[in-house]
Amino acid sequence: MQTTQHFDEARARPRPLWRNVHYLLLAGGQGISSLGTYTSNFAIPLLALAVTGSAAQAGLLIGIRSLVMNLLSLLAGALADRWNRKRLMIICEWGNAIVTGSIPLAWWLGHLTLIHLYIAATLQGALFVFYQMAESAALRRVVPREQLASASGQNEVINSLGIMVGPLIGGLLYSLRPMLPFVLDTASFVISAISLLCIRINFHEEAIDVPTQNIVQDIKEGLSWLWHEPLVRFLGILTAGLMVPCAGYSLLMVVFAQSLHANTVETGYVFAAGGLGSVLGALLAAPLQKWLGFKRLIIWSAWIWAGFWLIYIIAPNPLILAAMNCVGYAIVPIYMVAQYSYRVARVPDRLQGRVNSVFRLVAFGGQPLGIAMTGVLLQYLGPITTIWITFVPQFVVALAATFNRALSQARPIEKE
């Protein structure tokens, strides 16, 4: 009898993530794509500053991609619930490879212009938001519910490794040839598309039905669901208050490092240190959530996020700035894993694209403004004042999280 009980428990226990081939293909492809993206993302502010000669104009260029993502977010979410999500992700990765590859091609032909960069940023924003809305439901299709927090944490580790290694590679490649980071990013999109082709399961819980209502009604359904879920709605507002003021982080770090007389390679070390902190935070995310619980982790991580933003002010040189970036960046994946794993578990599969698109619009809709304002503040007030000003909204939402009723009544993910 006891042997039978142990056998039933073993059968019910989900297999480890490292033995889940579908998860490995999904996470591996996304990891390689992230490495290429962070490599080219490091080069973008440098290229933008080189082309425009102005931090304000560079901030505007970088903000274009976020603006397009926000404009298309609701439509992308609705269509991701109607279309084959895996096929949509593959098309987006091939499209990104073509768009990103056009930048070094134009450079080598001697025709790279500011207009080309604007067009590329626009197309990248459109492709990324469609990919992200389809990808939001992928994880819960390849791992069981009880492994969502662990899988989200592992994904953050992989993403954080890209944050750490990407700038190192980007700084080295950019110093050799400015276009090499974009060549690497192009190749990473191709590899990601191939890995998705190898996954043999659908990213929908059920077969895709023929739509019975128009796209506007689909979008309204996603809006209605989020509006009537106070905690998920508040998580969107909290994420916005933390993320939007930091949206110009990469531009801020480049200008701040340059003010401390850092060269390109040293600036890469500053970003890589943030990536190292992100790896450490991602490794701690799942254990901390089990130890502290969801609601306490959200509140504490919001306060630490806001508080550590001010640490950059006292950095006297690039080495200390890198160390501070390592410590301060560790909280980002801890918070993001907590809110993402709760949200993915809570939202019904058929609404994943629509609800996540609305959530994304709430949480990240202000990023273009945040990036543009960061550029203007840096241009006219400098990095120190910019940090003080962008700290204020982070402090306000951390305070709001402390007294939010829906958050105080939150249940564990396993019970959702």
Novice: Is any side-chain heavy atom of Q394 closer than 4.5 Å to a side-chain heavy atom of C246?
Specialist: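 Touching, per the 4.5 Å side-chain cut-off.
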
Novice: Determine whether L288 and V337 satisfy the following criterion, side chain to side chain contact (heavy atoms under 4.5 Å, CB included), listing intermediate values before the conclusion.
Specialist: CA-CA 11 Å; L288 282 175; V337 166; over 6 Å; no

Novice: Check whether any side-chain heavy atom of F182 lies under 4.5 Å from a side-chain heavy atom of W107, and answer yes or no.
Specialist: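 No, their side chains stay 4.5 Å or more apart.
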
Novice: Determine, stepwise, if the pair F364 / V129 fulfils side chain to side chain contact (heavy atoms under 4.5 Å, CB included).
Specialist: CA-CA 11 Å; F364 306 107; V129 72; over 6 Å; no

Novice: Hey, is the main chain of F256 close enough, under 3.5 Å, to the side chain of S259 for a donor-acceptor pair?
Specialist: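 Yes, the answer is positive, given that a donor and an acceptor are paired below the 3.5 Å cut-off.
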
Novice: Rounded to the nearest 0.5 Å, what's the gap from CD on Q289 to CZ on R296? Could you check?
Specialist: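 So the CD of Q289 and the CZ of R296 are separated by 12.0 Å.
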
Novice: Is the side chain of S73 donor-acceptor paired with the backbone N or O of S357 at a distance under 3.5 Å, no angle test?
Specialist: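 Side chain of S73 to backbone of S357, a donor-acceptor pair under 3.5 Å: yes, one is there.
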
Novice: Look up atom CD1 in I320 and atom CD1 in I311, then write down how far apart they are to the nearest 0.5 Å.
Specialist: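 Nearest 0.5 Å value for the CD1-CD1 distance: 12.0 Å.
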
Novice: Is a donor on one side and an acceptor on the other found under 3.5 Å between the side chain of K86 and the backbone of I199?
Specialist: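 Yes: the side chain of K86 pairs with the backbone of I199.
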
Novice: For a quick test of reading the model, state the closest non-hydrogen atom pair linking A398 to T402 and the distance between them.
Specialist: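 Minimum heavy-atom separation between A398 and T402: O-OG1, 3.0 Å.
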
Novice: To the nearest 0.5 Å, tell me how far L196 CG sits from I191 CD1.
Specialist: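 The CD1 atom of I191 is 12.5 Å from CG of L196, to the nearest 0.5 Å.
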
Novice: Provide the closest heavy-atom pair for P245 versus T374 in the form atom of the first, atom of the second, distance.
Specialist: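 That closest heavy-atom pairing would be O-OG1, 4.4 Å.
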
Novice: Side chain to side chain contact (heavy atoms under 4.5 Å, CB included) for D185 and T37? Distances and angles first, verdict last.
Specialist: CA-CA 6 Å; D185 195 16; T37 297; 3.7 Å; yes

Novice: Without hydrogens or angle criteria, can the side chains of N356 and Y340 be said to hold a donor-acceptor pair below 3.5 Å?
Specialist: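 Checked: N356/Y340 side chains show no N/O donor-acceptor pair below 3.5 Å.
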
Novice: So, do V232 and F359 sit near enough that their side-chain heavy atoms are less than 4.5 Å apart?
Specialist: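 In short, these two side chains touch, coming nearer than 4.5 Å.
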
Novice: Would you call W227 and R233 a side-chain contact if the rule is heavy atoms closer than 4.5 Å?
Specialist: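 Yes, close enough: below the 4.5 Å cut-off.
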
Novice: Restricting to non-hydrogen atoms, name the atom on S195 and the atom on G29 that form the minimum distance, rounded to 0.1 Å.
Specialist: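 Closest approach of S195 to G29, heavy atoms only: OG-CA, 3.3 Å.
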
Novice: So, does H116 use its side chain to make a donor-acceptor pair with the main chain of L112 at under 3.5 Å?
Specialist: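 Side chain of H116 to backbone of L112, a donor-acceptor pair under 3.5 Å: no, none is there.
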
Novice: Above 12 or not: heavy atoms from other molecules or residues under 6.0 Å from CG of L109?
Specialist: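 Correct, the count exceeds 12.
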
Novice: Side-chain donor-acceptor pair under 3.5 Å between Q124 and T100, yes or no?
Specialist: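 Q124 vs T100: donor-acceptor pair found between side chains.
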
Novice: Please check if any side-chain donor atom of T113 sits under 3.5 Å from a side-chain acceptor atom of Y118, or the reverse.
Specialist: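 No pair is found: no donor N or O on one side chain lies under 3.5 Å from an acceptor on the other.
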
Novice: Is the W303 ring parallel, tilted or perpendicular to the F395 ring (thresholds 30°, 60°)?
Specialist: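 If you compare the ring of W303 with that of F395, the planes turn out perpendicular.
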
Novice: Within the structure provided, determine whether R177 and L180 are in side-chain contact (heavy-atom separation under 4.5 Å).
Specialist: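 The answer is yes; the side chains approach within 4.5 Å.
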
Novice: Under a 4.5 Å cut-off applied to non-hydrogen side-chain atoms, are C92 and F128 in contact?
Specialist: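 Result no, sub-4.5 Å side-chain heavy-atom pair not found.
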
Novice: Do you know which two heavy atoms are closest between T386 and L378, and how far apart they sit?
Specialist: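 Reported closest heavy-atom pair: OG1-N, 3.5 Å.
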
Novice: With respect to Y335, which candidate in W300, F308, W305, Y329 satisfies the ring-ring contact (aromatic ring centres under 6.0 Å, His included) definition?
Specialist: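 Running ring-ring contact (aromatic ring centres under 6.0 Å, His included) over W300, F308, W305, Y329 with Y335 returns exactly one hit, W305.
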
Novice: Is a side-chain N or O of S33 found less than 3.5 angstrom from the main chain of Q30, in a donor-acceptor match?
Specialist: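 Not at all, since once roles are kept as given, no pair shorter than 3.5 Å links the two residues.
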
Novice: Walk me through whether Y131 and F189 qualify under side chain to side chain contact (heavy atoms under 4.5 Å, CB included).
Specialist: CA-CA 12 Å; Y131 177 92; F189 284 124; over 6 Å; no

Novice: Please find the pair of heavy atoms, one from H261 and one from E266, that lie closest to each other, and give the distance.
Specialist: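 So the minimum-distance heavy-atom pair works out to O-OE1, 3.9 Å.
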
Novice: Would one find more than 12 heavy atoms of other residues, nucleotides or ligands at under 6.0 Å from atom CZ of F234?
Specialist: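 Counting neighbours around CZ of F234, more than 12 heavy atoms of other residues, nucleotides or ligands fall under 6.0 Å, so yes.
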
Novice: When rounded to the nearest 0.5 angstrom, what is the spacing between OG1 in T39 and CD1 in I169?
Specialist: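 Output value for this atom pair is 5.0 Å.
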
Novice: What distance separates I194 CD1 from E93 CD, expressed to the nearest 0.5 Å?
Specialist: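 That separation rounds to 11.0 Å.
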
Novice: I'd like to check V397 versus L238 (side-chain heavy atoms, cut-off strictly below 4.5 Å). Are they in contact?
Specialist: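 With C-beta onward as the side chain, the pair touches.
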
Novice: Check for a donor-acceptor pair, side chain of K295 on one end and backbone N or O of L407 on the other, with a separation under 3.5 Å.
Specialist: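 Looks like no, no N/O pair under 3.5 Å.
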
Novice: Would you please classify the geometry between the F391 ring and the W388 ring as parallel, tilted or perpendicular, with 30° and 60° separating the classes?
Specialist: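 W388 and F391: perpendicular rings.
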
Novice: Rounded to the nearest 0.5 Å, what separation is found between the CG atom of N325 and the CG atom of L276?
Specialist: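 One gets 10.5 Å once the value is rounded to the nearest 0.5 Å.
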
Novice: Which atom names give the shortest non-hydrogen contact between W108 and M179, and what distance separates them?
Specialist: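 Heavy atoms only, the tightest pair is CZ2-CB, 4.2 Å.
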
Novice: Is the closest side-chain heavy-atom distance between F294 and L231 below 4.5 Å?
Specialist: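 Touching, per the 4.5 Å side-chain cut-off.
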
Novice: Taking R85 for the side chain and A80 for the main chain, is one N or O donor matched with an acceptor at less than 3.5 Å?
Specialist: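 Yes; at least one donor-acceptor contact below 3.5 Å.
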
